[in-house]
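Structure, as structure tokens:
Keep in mind it's a predicted model, so treat the numbers as computed, not measured.
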Amino acid sequence: MQEGHRLSVPSGVASALDRVFADDGPLAQAVHEFEPRAGQREMANAVARAFIEGRILLAEAGTGTGKTLAYLVPAILCRQRVLVSTGTKNLQEQIFYKDLPLLERSLGMPFTAAYMKGRSNYLCLHRFAQLREDPDVGSPADRVYLRMVEDWALETATGDRAELEDLPEDVGFWSRIAATAEECLGTACPEYDDCFVTRMRRRAAESDLIVVNHHLLCADASVRRGAYGEVIPDCAFAVIDEAHQLEDVVTQHFGMSVSTFRVEDFVGDAERLLAGAGVVDDEGLVGRAINAVEDRARLFFAALAIARMAHQPGTQAFASGGSDDRVRVRPGMLDPAIEPGGNLVQAFDDVAAAIADLDEPPEDARAIAARAIAMRDELRFLLRTGDADYVYFLEWRGRGLFLRASPIEVSAIVRESLLDRFASTVLTSATLSVDGSFGYLRGRLGIGAAAEVRLPSEFDFRTQAILYLPASMPSPKQPEFGAAAAREIVAILERTLGRAFVLFTSYAMLRAVQPVVSAALDFPIFVQGTAPRSVLLHRFRTTPHAVLLATSSFWQGVDVAGEALSCVIVDRLPFASPADPIVSARLEAITERGGDGFADLQVPLAILTLLQGLGRLIRHRRDRGVLAILDPRVRTMAYGRRFLASLPPAPVTGDIEEIRRFFAS
């Protein structure tokens with residue numbers, strides 16, 4: 001944020017906030033069972049001051065504070081355009097479809113809002129027109145779905161594929177008609193004025209509040225220097241909710257990557273362009289160059305797979321389609337791929353040159369040439385593996401192979417690409433501080449001068465919850481831990497009558513425990529991966545005494561209020577693996593600066609992750625439940641005190657029968 005960079009905010013905002021949040025104010029009249037909360041009023045005033053003074057605000061608001069309304073109300077009252085970015089789609093939808101309509105009804109103040117998703121959610125009219133001319137598009141089922149899209153495209157006002165509830169998530173042709181940035185022709189597109197992304201941006205530019213998610217925010221920030229990609233209009237202020245996720249999302253979007261999937265998409269689009277009208281390739285130069293990309297890419301990715309196996313004997317070959325995997329690129333590891341990689345670089349260059357030599361190439365051909373140049377430049381960077389600010393790694397995702405580079409530190413990126421764009425930024429979450437301080441977050445995100453507010457949860461954990469720590473458990477590093485964890489989980493669930501999330505730090509542990517739990521209990525058992533996340537959550541909420549076994553994606557952004565969720569069990573402390581390429585590079589960077597990577601990175605990150613997982617339990621004043629941590633290190637290791645000090649102030653017990661007594665009381 002630029003010092004002294006302020007915008008005019010109405011002087012009566014503070015008194016208006018008092019009226020809105022008063023015991024008999026408009027919110028109390030509009031919201032059923034509205035409860036005045038001192039923490040909510042304190043946060044709302046802190047947000048308003050940050051906007052007025054042009055400052056960064058770090059606001060930790062414990063569960064039950066009502067932080068969403070605490071920042072939305074001053075955002076509306078400030079009369080400037082405000083960007084609200086969320087970490088999860090669930091919160092984004094809650095804000096736009098629930099909270100903002102509520103405030104529109106209750107405040108008596110007109111305002112406008114826009115809901116923006118990532119570009120790939122929207123139909124590209126230009127690419128769709130091209131696809132409809134392809135007689136060989138997909139399977140017979142795909143052609144049925146294509147007719148569905150054709151009918152919908154004539155009547156939709158947004159082009160958002162979410163309107164097509166019967167369109168499968170994995171339908172094969174959507175990637176060919178999505179309005180992604182890489183394929184966008186920008187203002188040169190014949191459909192530009194009718195484009196759904198153009199319309200979305202225009203709606204946002206005319207709105208007072210713009211609701212996005214972190215992935216769109218960071219994707220937009222990473223392409224703002226390009227000719228087209230950006231879609232989010234300039235805003236005066238920003239609120240970044242669920243800000244504990246920001247570092248990970250920035251890391252994803254400010255790296256570089258070349259993959260089998262990306263090359264296949266490029267070759268497919270280029271071949272379809274040649275097969276269509278408008279490109280006259282009499283000498284066949286463009287066609288041969290595209291064929292060369294396909295052939296040389298096959299050799300290049302095969303060489304990468306061989307290089308990986310040479311450094312890790314016994315690993316599965318790329319072609320075998322193993323599970324997700326990431327391996328850090330070490331010196332000399334890419335040597336077998338340097339020559340085929342250089343040949344692929346030249347092939348991309350040849351495509352761009354061949355298109356440039358065409359007589360008046362159409363805009364679609366120019367876009368293909370631009371994509372070739374971008375992939376050429378990124379591949380050159382990746383093959384050098386020489387930038388000390390990046391960590392280089394290979395990643396397997398299903399049958400896809402990626403060569404990636406990610407920034408080791410993102411603090412400067414966050415500052416320059418996000419925080420400096422706004423006169424004031426509010427970063428908030430239920431979990432931002434570690435050891436009673438925002439120091440960890442400040443360091444990771446490069447935040448200097450900032451106002452701070454920490455608001456405890458409005459819930460009474462002393463009466464609403466208990467924390468169960470088994471009296472005796474083997475170390476998670478010992479082979480018998482899995483069997484012991486399964487026995488404890490069964491014993492806990494017998495006493496809670498199901499109604500639980502069991503959160504694992506790895507799929508391996510989930511798979512080891514699942515058959516034991518399923519055989520021992522009669523409760524309905526749902527398992528991550530057997531159905532889409534939203535379907536599993538719906539089934540869990542609507543099925544009495546259900547148990548959900550899940551990993552990382554259910555640790556946050558999931559809200560199940562009431563008796564349906566009365567227990568959260570965590571198998572082990574969620575330390576980030578030091579074998580992960582990004583984690584290992586960050587640990588090394590901290591050590592080189594004279595720090596302690598475990599104490600300065602792994603422990604704080606694990607504390608925040610644990611708090612997010614346990615935060616699924618108590619979502620309402622009437623909720624009651626058991627938090628269970630099976631990892632004995634929380635009691636036996638010195639760093640365990642940091643975890644315990646960060647947990648909600650619930651009574652602690654090692655007596656498993658106390659769980660039964662708690663629910664009987």
Side-chain angles (χ1 to χ4, degrees), residues 13-14 17-18 20-22 25 27-28 30-31 33-51 55-78 82-103 106-107 113 209 211-214 217 237-246 424-433 438 441 445 450-461 556-559 561 608 611-612 614-621 623 646 648:
V13 168
L17 286 175
D18 290 339
V20 171
F21 290 103
L27 282 181
V31 180
E33 295 185 339
F34 177 78
E35 298 174 346
R37 306 170 195 176
Q40 187 177 53
R41 289 194 294 268
E42 183 179 350
M43 179 173 170
N45 279 286
V47 172
R49 286 195 301 274
F51 289 165
R55 304 186 66 184
I56 292 175
L57 171 66
L58 304 178
E60 181 177 74
T63 49
T65 304
K67 67 177 169 60
T68 309
L69 294 184
Y71 63 68
L72 287 178
V73 172
I76 293 167
L77 296 178
C78 77
V82 179
L83 177 75
V84 177
S85 182
T86 70
T88 60
K89 180 181 177 182
N90 286 345
L91 181 55
Q92 189 183 11
E93 292 180 345
Q94 174 198 309
I95 290 172
F96 189 78
Y97 292 111
K98 178 183 175 184
D99 297 330
L100 291 180
L102 167 68
L103 292 174
S106 60
L107 293 183
L209 275 82
V211 186
V212 304
N213 58 51
H214 296 347
L217 174 67
F237 307 135
V239 178
I240 299 177
D241 200 344
E242 299 173 310
H244 60 279
Q245 299 182 27
L246 188 59
S424 174
T425 304
V426 175
L427 297 99
T428 185
S429 174
T431 55
L432 286 184
S433 67
F438 290 105
L441 182 78
L445 299 184
E452 299 180 355
V453 60
R454 293 183 63 222
L455 304 167
S457 173
E458 294 281 330
F459 301 140
D460 183 2
F461 283 93
Q556 53 191 327
V558 176
D559 192 352
L608 293 177
L611 290 175
Q612 280 293 318
L614 297 181
R616 301 311 96 212
L617 183 64
I618 305 298
R619 310 298 295 177
H620 192 277
R621 289 185 188 274
D623 287 350
S646 300

Is the shortest side-chain heavy-atom distance between [X] and [Y] below 4.5 Å?
X      : Y      : value
Leu72  : Ile95  : yes
Thr68  : Leu91  : yes
Phe21  : Pro36  : no
Thr88  : Gln92  : no
Thr425 : Val239 : no
Glu93  : Lys98  : no
Ile618 : Thr63  : no
Leu17  : Pro74  : yes

Subject >> Stepwise side chain to side chain contact (heavy atoms under 4.5 Å, CB included) check, Val212 with Val84 >> reply: CA-CA 6 Å; Val212 304; Val84 177; over 6 Å; no
Taking all non-hydrogen atoms of both residues into account, name the closest pair between [X] and [Y] and its distance.
X      : Y      : answer
Ser433 : Leu608 : O-CD2, 3.7 Å
Arg621 : Phe459 : N-CE2, 3.5 Å
Ala28  : Ala22  : CB-O, 4.0 Å
Val82  : Ala75  : CG2-O, 3.7 Å
Leu455 : Gly39  : CD1-O, 3.2 Å
Gly87  : Gln245 : O-OE1, 3.2 Å

Out of curiosity, [X] [atom1] to [Y] [atom2], how far, rounded to the nearest 0.5 Å?
X      : Y      : atom1 : atom2 : value
Phe51  : Leu57  : CZ    : CG    : 8.5 Å
Ile240 : Ser85  : CD1   : OG    : 6.0 Å
Glu42  : Arg454 : CD    : CZ    : 12.0 Å
Asn213 : Asn90  : CG    : CG    : 11.5 Å
Leu432 : Leu441 : CG    : CG    : 5.5 Å
Leu209 : Phe96  : CG    : CZ    : 10.0 Å

Original post:
Asp241 and Lys67: salt bridge (charged side-chain N to carboxylate O under 4.0 Å, His left out), yes or no, with the steps?
Top reply: CA-CA 9 Å; Asp241 200 344; Lys67 67 177 169 60; 2.7 Å; yes
Original post:
Passes salt bridge (charged side-chain N to carboxylate O under 4.0 Å, His left out), Arg37 versus Glu458? Steps please.
Top reply: CA-CA 8 Å; Arg37 306 170 195 176; Glu458 294 281 330; 5.6 Å; no
Original post:
So among Thr428, Val426, Val453, which one has a side chain to side chain contact (heavy atoms under 4.5 Å, CB included) with Val47?
Top reply: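 Option passing the side chain to side chain contact (heavy atoms under 4.5 Å, CB included) with Val47: Val426.
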Original post:
With distance as the sole criterion, is a donor-acceptor pair present between the side chains of Glu242 and Ser429 under 3.5 Å?
Top reply: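 No.
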Original post:
Taking atom types as modelled, is there a side-chain donor on Gln40 or Thr65 under 3.5 Å from an acceptor on the other?
Top reply: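 Side-chain D/A pair, Gln40 to Thr65: absent.
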**OP:** Give the intermediate values and the outcome of side chain to side chain contact (heavy atoms under 4.5 Å, CB included) for residues Ile56 and Ser424.
**Re:** CA-CA 5 Å; Ile56 292 175; Ser424 174; over 6 Å; no
Subject >> Verdict with reasoning, Asp18 to Asn45, per side chain to side chain contact (heavy atoms under 4.5 Å, CB included) >> reply: CA-CA 9 Å; Asp18 290 339; Asn45 279 286; 4.2 Å; yes
